[in-house]
2 protein chains.
Amino acid sequence: MNPFGEHIRKKREELKGKDPRFSVRKVAARIGVEPSYLSKVERGEQAPPSEEKIKSLAVELGEDEDILLALAGKVSTDLQEAIRRRPRLFADLIREIKDMPDHAVLRLVREVRDGNW
Amino acid sequence: MNPFGEHIRKKREELKGKDPRFSVRKVAARIGVEPSYLSKVERGEQAPPSEEKIKSLAVELGEDEDILLALAGKVSTDLQEAIRRRPRLFADLIREIKDMPDHAVLRLVREVRDGNW
DNA sequence: TTTTATGTGTAGTATATACTACACAGTACA
DNA sequence: TGTACTGTGTAGTATATACTACACATAAAA
């Protein structure tokens, strides 16, 4: 089990098939790390990188930042900050909906978005 | 600015006024740390302790866990895990409501709680 | 007045996090 | 056939996190 590494390796190799700019070395250079480090991260020999590097990786590979962070066992600092600003409110809300099925949460998100709130 | 330390010192001293079991040494012993460490944390000479210690401190002092964690700049792992399980869903929801006024979020929490969801 | 308890100062330690630097063998390309 | 580029192995480092151990002076209790 190394969801993060496997995921980005798969995606990177896929992109590399069509574009040589997606070699380990080139991607590593673009996100600002050593190639051997990225190689090890992809193979799970090293833990996932920092939030910052994960976010540039998401941009480079055209992946979703929040999903990549989740695969790395992290939560974006902007979300954490929102919770920390109003901990009671957000803790209650999250605990209330954490076991609800996807469709119910999705309905909630949509209702808040285009609604009279 | 050392919101965490100041907060717990104030609360502990308040309790100590009515009950000698709330000295630095006694509380430290109960939450399982060295007294000098707790002293330094309260005075902001040391960063706040781990999530685990903060939670026992909350129990000891009769304070809200989520609020204490927030003052320490942390977010409870159970909330983080809920987000990591369904990152897109939760990230969208949190970003959608993070700038809404308290009363609106509160209404949402209540509506979810005793509602038809 | 001895014992006991108080808060705090000094000086560390263990573990985790987030990487770098460099070398090396194999492959592709000119 | 040399040059360039590939992925990866080895061996580190810097900084942060989360504390411990012990000593010491002052104050309260016996």
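A, B, ... follow the sequence lines: proteins, then strands. Residue 1 opens every chain.
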Q: Would you kindly give the CD-to-C1' distance between A:Glu34 and D:dG7, to the nearest whole Å?
A: 13 Å
Q) Given D:dT6, D:dC22, C:dT8, which nucleotide is nearest the side-chain atoms of A:Lys26? A) D:dT6
Q | Nearest-nucleotide 5' precedence on DNA chain C, A:Pro49 against B:Glu45 | A | B:Glu45
Q: In whole angstrom, give the distance that lies between atom CZ of A:Arg25 and atom P of C:dG26.
A: 16 Å
Q) Quick one: B:Gln46 CD to C:dG7 C1', roughly how many Å, whole number? A) 15 Å
Q | Separation of atom CG in B:Leu38 from atom C1' in D:dT20, rounded to whole Å | A | 14 Å
Q) Does B:Val27 belong to the same Ile/Leu/Val/Met/Phe/Trp/Tyr cluster as B:Leu71, with side-chain heavy atoms less than 4.5 Å apart forming each link? A) yes
Q: To the nearest Å, give me how far apart CZ (B:Phe22) and P (C:dA5) are.
A: 18 Å
Q.
Just the rounded figure in Å: distance from C1' of D:dA16 to CD of A:Glu51.
A. 16 Å
Q: Counting heavy atoms from C-beta on, name the nucleotide in D:dC22, D:dG9, C:dA5 closest to the side chain of B:Ser36.
A: D:dC22
**Q.** Distance (rounded to the nearest 0.5 Å) between A:Glu65 CD and A:Ile67 CD1
**A.** 11.0 Å
Q | Minimum-distance nucleotide to B:Ser23 side chain [options: C:dT6, D:dC19, D:dG7] | A | C:dT6
Q) Is the backbone of B:Glu63 close enough, under 3.5 Å, to the side chain of B:Lys11 for a donor and an acceptor to pair up by distance? A) no
Q. Considering only D:dG7, C:dT20, D:dT8, which nucleotide approaches the side chain of A:Ser39 most closely?
A. D:dT8
Q | Contact nearer the 5' end of DNA chain C, comparing A:Val33 with B:Arg9 | A | B:Arg9
Q: Output yes when at least one side-chain N/O atom of B:Ser50 is less than 4.0 Å from OP1 or OP2 of D:dA18, else no.
A: no
Q) Looking at the side chain of B:Lys16, which of C:dG7, D:dT6, C:dC22 is the nearest nucleotide? A) C:dG7
Q. When the distance from OH of A:Tyr37 to P of C:dC22 is rounded to whole Å, what number comes out?
A. 19 Å
**Q.** Distance in angstrom units between B:Glu52 CD and D:dT17 C1', rounded
**A.** 14 Å
Q: Could you tell me whether B:Glu51 and B:Lys55 make a salt bridge, using a distance below 4.0 angstrom between a side-chain N and a carboxylate O?
A: yes
**Q.** Phosphate OP1/OP2 of C:dT17: any A:Lys53 side-chain N/O under 4.0 Å
**A.** no
Q: Look at A:Arg43 and D:dG9 and indicate whether a side-chain polar atom (N or O) is within less than 4.0 Å of OP1 or OP2.
A: yes
Q) Would you say the side-chain atoms of B:Arg12 pair up with the backbone N or O of B:Phe22, donor to acceptor, closer than 3.5 Å? A) yes
Q. Under the 3.5 Å rule, do the base of D:dT10 and the side chain of A:Lys40 count as making a donor-acceptor pair?
A. yes
